[in-house]
Protein chains: 2
Amino acid sequence: MNNETIMPSCESPGRYISAIYRHLQILITAQLQPYRIGSGQYIFLMTIAKKEGISQKALSEELLIDKTTTAKAIRKLEAEGYVRRETDPTDNRYNLLYLTQSGRAVVPKVQAALNDISRKSRVGMDDEEYELMLALLKKMLCNVSEQVRRREKEL
Amino acid sequence: MNNETIMPSCESPGRYISAIYRHLQILITAQLQPYRIGSGQYIFLMTIAKKEGISQKALSEELLIDKTTTAKAIRKLEAEGYVRRETDPTDNRYNLLYLTQSGRAVVPKVQAALNDISRKSRVGMDDEEYELMLALLKKMLCNVSEQVRRREKEL
DNA sequence: AAATAATAGTTGCAATGACATCCTATCTTA
DNA sequence: TAAGATAGGATGTCATTGCAACTATTATTT
């Protein structure tokens, strides 16, 4: 009842990260709905666009996402007709991923939507602050992924 | 430092936010497993600890989390015996939330686990950088939650 | 050459979280 | 006071994501 502040009193990066993540999910889902691309698939689409012929394994490693999540996202993108799988002739274990015609057509639109969200998200930050934030987030990501890797080794 | 193979080539805050969020979820889940508290519940536990007698609605607003998500998290915390619901005698619509004995006992342990993760996540950042990152994340959260609110109004 | 190990990908299950919808209690207003 | 509006909360459904376990293919070892 007494919400004197709209903002959470969370002075830890984890809470900010979590809240920003959830809000970005909502915005991305809404923006990409016309193309039937969910918040869980666009990263894969954009990465394949930059590196056609990439394998699912390489995608998972580059995006630091579990390979089973990758498999499911690719399946959806394939079902929507944006991505095409091709078995690597030199090693049948690999699926090589390519964009289809409509995949290539939708990429610029998705990019525009993402740019719009990014632009609105950095209101009130100058270029220097923005770059600094990216650098700090990168460092934080290195730290947490290092922690996760260390945990995995222990098991 | 610059290991292209492991780090994603993502120069957008959204991707960093997403990756950090997912990794933090993994770490928190692992750390809090002994107490049977999931990554989706600890925020509620800690917030109730700071503001006993808070309602679910106020919790949702403070944490910027959907009220149905709050309801489910509280139910789990109640099932584990950490939180107690009490109907507000002055307005029977409200559930006032309090910690139980074991809730009060577990809070310091959860806090310690979170502090440990936070500490390891900011390796390589001095206090000034850390504070700056918090401020920038706060600004970004304001921006995205403003966008979400604006979207809701349009509907 | 056969057995074993390692790797890429898939499937099933569970947790997180949002949205739509409904129920119930309280407040407004006619 | 009765009818409708409002608000807190619960439930069902769906998307995202990770883990365990599995299949299939390739590499290695004996």
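So that the names make sense, note that chain A is the first sequence line, chain B the second, and so on, each numbered from 1.
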| B:R75/B:E78 ion pair, N-O < 4.0 Å | no

| query | Would you say the side chain of A:K72 and the base of C:dG9 hold a donor-acceptor pair, judged only by whether the two atoms sit under 3.5 Å apart? | reply | no

| said: Students often get this wrong, so: under 4.0 angstrom with heavy atoms, is A:S39 touching a base, only sugar-phosphate, or nothing? | reply: sugar-phosphate

| With the threshold set at 4.0 Å, does a side-chain nitrogen-carboxylate oxygen contact exist between A:E80 and A:K76? | no

| field | Interatomic distance where CG belongs to B:D66 and P belongs to D:dG12 [whole Å] | value | 16 Å

| Can you check whether A:R85 reaches A:L97 side chain to side chain, under 4.5 Å on heavy atoms? | yes

| Looking at A:R85, does any N or O in its side chain come under 4.0 Å of the phosphate oxygens OP1/OP2 on C:dA8? | no

| Can you check the A:L63 CG to D:dT17 P distance for me, whole Å? | 10 Å

| task | Could you pick out which residue, B:S18 or B:T68, lies toward the 5' side of DNA chain D when each is mapped onto its nearest nucleotide? | result | B:T68

| field | Whole angstrom value for the distance that separates P of C:dT16 from CG of B:L32 | value | 11 Å

| task | Quickly work out the A:R22 CZ to C:dC19 P distance and round it to whole Å. | result | 11 Å

| request: Only counting residues at least two apart or in another chain, list the ones meeting ring-ring contact (aromatic ring centres under 6.0 Å, His included) with B:Y21. | output: A:Y21

| query | Between B:N115 and B:Q111, do the side chains contain an N or O donor and an N or O acceptor separated by less than 3.5 Å? | reply | yes

| What is the distance, rounded to the nearest whole Å, between atom CD of B:E86 and atom C1' of D:dG8? | 17 Å

| remark: note: A:Q56, atom CD; D:dT25, atom C1'; distance rounded to Å ~ 15 Å

| query | Heavy atoms under 4.0 Å, any strand shown: does B:Y21 hit a base, just sugar-phosphate, or nothing? | reply | sugar-phosphate

| remark: note: B:L24, atom CG; D:dT17, atom C1'; distance rounded to Å ~ 15 Å

| OP1 or OP2 of D:dC19 less than 4.0 angstrom from a side-chain nitrogen or oxygen of A:K67, does that happen here? | no

| task | Scan residues 89-98 of chain A against DNA chain D and write down, sorted by residue number, each residue with any heavy atom closer than 4.0 Å; if none is found, say none. | result | A:D91, A:N92, A:R93

| request: Starting from P on C:dG9, measure out to CD on A:E78 and report it in whole angstrom. | output: 13 Å

| field | Exercise: do A:S39 and A:Q25 side chains pair donor with acceptor under 3.5 Å | value | yes

| said: Starting the side chain at C-beta, find the nucleotide from C:dA8, D:dG8, C:dC19 nearest to A:K57. | reply: C:dA8

| query | Below 4.0 angstrom from OP1 or OP2 of D:dT16, is there any side-chain N or O of A:Q41? | reply | yes

Contacts table for residues 123-130 of chain A: side-chain donor-acceptor under 3.5 angstrom, sequence neighbours left out:
from: A:D126; atom 1: OD1; to: A:E128; atom 2: N; distance (Å): 3.1
from: A:D126; atom 1: OD1; to: A:E129; atom 2: N; distance (Å): 2.7
from: A:D127; atom 1: OD1; to: A:R122; atom 2: NH2; distance (Å): 2.8
from: A:E129; atom 1: OE1; to: A:D126; atom 2: N; distance (Å): 3.1

